[in-house]
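Let me begin by presenting the structure, written as C-alpha cells, before commenting on it.
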Amino acid sequence: ATVPAVTLVAFAVGLIASLRRDVLPPLQALRKRLSGSDGAPSRANDAADIDVATTPLWIICLAVQYAAWLRPTTPIFGGTKHWMPMMPFFCLFAAWTVDRAIAATQKSWPHLARFAPVAIWSLVLIGPLYDTIRTHPFGHTYFNTLIGGHQGGAAHGMPRTFWGGGARALLPILNDR
C-alpha cells in the first residue's frame, strides 16, 4: 500500500518474467535429466536481458533482507526499516520491466524509437511525482491507488504521519504563545 502501484506492477511483471526466463528452464532441464531424458535448458538470449545468474541473486537478496521479519515472534514497529533494505532489489526488477517495455516499443514501432524512453519513463513517473507534489511538505507517508490513496489509508487505520513530523506546522503558533 505504500509503494506506487506502477512500481508494484512493474516489479511483479519483472519478477515473473525473470523467473520464467532464468529459473524455470534450468529446473525443467534438471527434471528431464532426472527422469532419464536429455534436456538442456533453452533460453533465448537478448543483448538487453539480465544475465541468467542475476535473477536468482536478486531473489536471494530480496529474501535475505526480508526473511528475519517473517517470523511471527519478530517485533514489528513502524515497518519502514524492515522493508527498506530490499527496495533496491525490488526496484531493479521494476526497472528491468521498464527497460524491456522500451525495447519492445522501439522494436515494434521503429519510427517512435527515439521517443520511447522519454514517453515510457514519463508514464511510469507521472503518478508518483503527482502524489509527491500533492502531499508536500507533510507527506511523511504515502498510500497508493490500490488502497485508495491517503483517504483509503486513513479508512484502513494506517498511520498518516510518522515520528510526529506533521506537528511542525504548529511550531510558529506555539512559539508566539
Side-chain angles (χ1 to χ4, degrees), residues 1-27 43-71 74 76-108 112-153 156 158-163 165:
T2 59
V3 176
V6 67
T7 308
L8 290 173
V9 170
F11 163 75
V13 169
L15 179 64
I16 292 167
S18 296
L19 286 172
R20 290 182 67 197
R21 187 198 65 229
D22 296 336
V23 177
L24 289 181
L27 289 176
R43 180 175 181 270
N45 199 351
D46 186 316
D49 273 350
I50 302 171
D51 178 52
V52 70
T54 304
T55 297
L57 176 65
W58 286 358
I59 292 170
I60 290 168
C61 290
L62 279 167
V64 165
Q65 295 297 330
Y66 202 72
W69 311 114
L70 295 176
R71 294 182 49 215
T74 303
I76 296 176
F77 40 90
T80 304
K81 66 184 163 292
H82 305 312
W83 56 261
M84 192 60 87
M86 75 175 194
M87 286 307 290
F89 306 103
F90 188 93
C91 290
L92 285 169
F93 279 110
W96 180 83
T97 300
V98 173
D99 182 64
R100 298 312 309 142
I102 291 169
T105 302
Q106 290 172 327
K107 185 177 179 182
S108 299
L112 298 176
R114 189 170 56 164
F115 303 105
V118 172
I120 291 173
W121 276 111
S122 295
L123 289 171
V124 168
L125 296 174
I126 194 91
L129 181 62
Y130 170 76
D131 286 335
T132 301
I133 292 168
R134 187 173 61 94
T135 60
H136 181 76
F138 302 112
H140 300 288
T141 56
Y142 167 83
F143 298 101
N144 65 33
T145 54
L146 300 176
I147 196 169
H150 291 297
Q151 294 80 8
H156 287 88
M158 305 285 198
R160 284 154 290 167
T161 62
F162 204 64
W163 295 317

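Being a predicted model, the structure only gives us computed values, none of them experimental.
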Set of side chain to side chain contact (heavy atoms under 4.5 Å, CB included) partners for [X], sequence neighbours left out:
X: I16; result: R20
X: A10; result: A94, T97
X: P88; result: none
X: V3; result: T7, L8, M87, F90

Point to revise | Heavy atoms from other residues, nucleotides or ligands near CD1 of I126 exceed 12 (cutoff 6.0 Å) | key: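 Atom CD1 in I126 is not packed in, count stays at 12 or less.
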To the nearest 0.5 Å, what is the distance between [atom1] ([X]) and [atom2] ([Y])?
X: L62; Y: L15; atom1: CG; atom2: CG; value: 7.5 Å
X: L112; Y: T105; atom1: CG; atom2: OG1; value: 8.5 Å
X: I60; Y: Q65; atom1: CD1; atom2: CD; value: 12.5 Å
X: Q151; Y: H156; atom1: CD; atom2: NE2; value: 12.5 Å
X: F89; Y: F11; atom1: CZ; atom2: CZ; value: 12.0 Å
X: R100; Y: K107; atom1: CZ; atom2: NZ; value: 8.5 Å

Practice item. Would you please name every residue forming a ring pair (Phe, Tyr, Trp, His ring centres under 6.0 Å) with F143, sequence neighbours left out? Key: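 Listed in chain order: nothing, the list is empty.
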**Study point:** salt bridge (Lys or Arg N to Asp or Glu O under 4.0 Å) partners for R114, two or more places apart
**Key:**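 Here no residue qualifies.
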Point to revise | Main-chain N/O of A113 paired with Q106 side-chain donor or acceptor, under 3.5 Å | key: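 Side chain of Q106 to backbone of A113: a pair is present.
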Review point. Is there a donor-acceptor pair under 3.5 Å between the side chain of D99 and the backbone N or O of I102?
Key: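 No, the answer is negative, given that no donor and acceptor are paired below the 3.5 Å cut-off.
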Can you give me the closest heavy-atom contact between [X] and [Y], atom names plus distance?
X: L146; Y: A5; value: CG-CB, 4.0 Å
X: S122; Y: V118; value: OG-O, 2.6 Å
X: P128; Y: V6; value: CG-CG1, 4.1 Å
X: A17; Y: W96; value: CB-CZ3, 3.7 Å

Check your understanding: Stepwise, does the side-chain contact (heavy atoms from CB on, under 4.5 Å) test hold for I59 with L19?
Key -> CA-CA 9 Å; I59 292 170; L19 286 172; 3.3 Å; yes
Practice item. Carefully, step by step, assess M86 and V64 under the rule side-chain contact (heavy atoms from CB on, under 4.5 Å). Key: CA-CA 8 Å; M86 75 175 194; V64 165; over 6 Å; no
**Study point:** From CA spacing to verdict: side-chain contact (heavy atoms from CB on, under 4.5 Å), F93, S18
**Key:** CA-CA 8 Å; F93 279 110; S18 296; 3.7 Å; yes
Practice item. May I have all residue pairs that pass salt bridge (charged side-chain N to carboxylate O under 4.0 Å, His left out) and include part of residues 117-137, sequence neighbours excluded? Key: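 Qualifying pairs, neighbours excluded: D131-R134.
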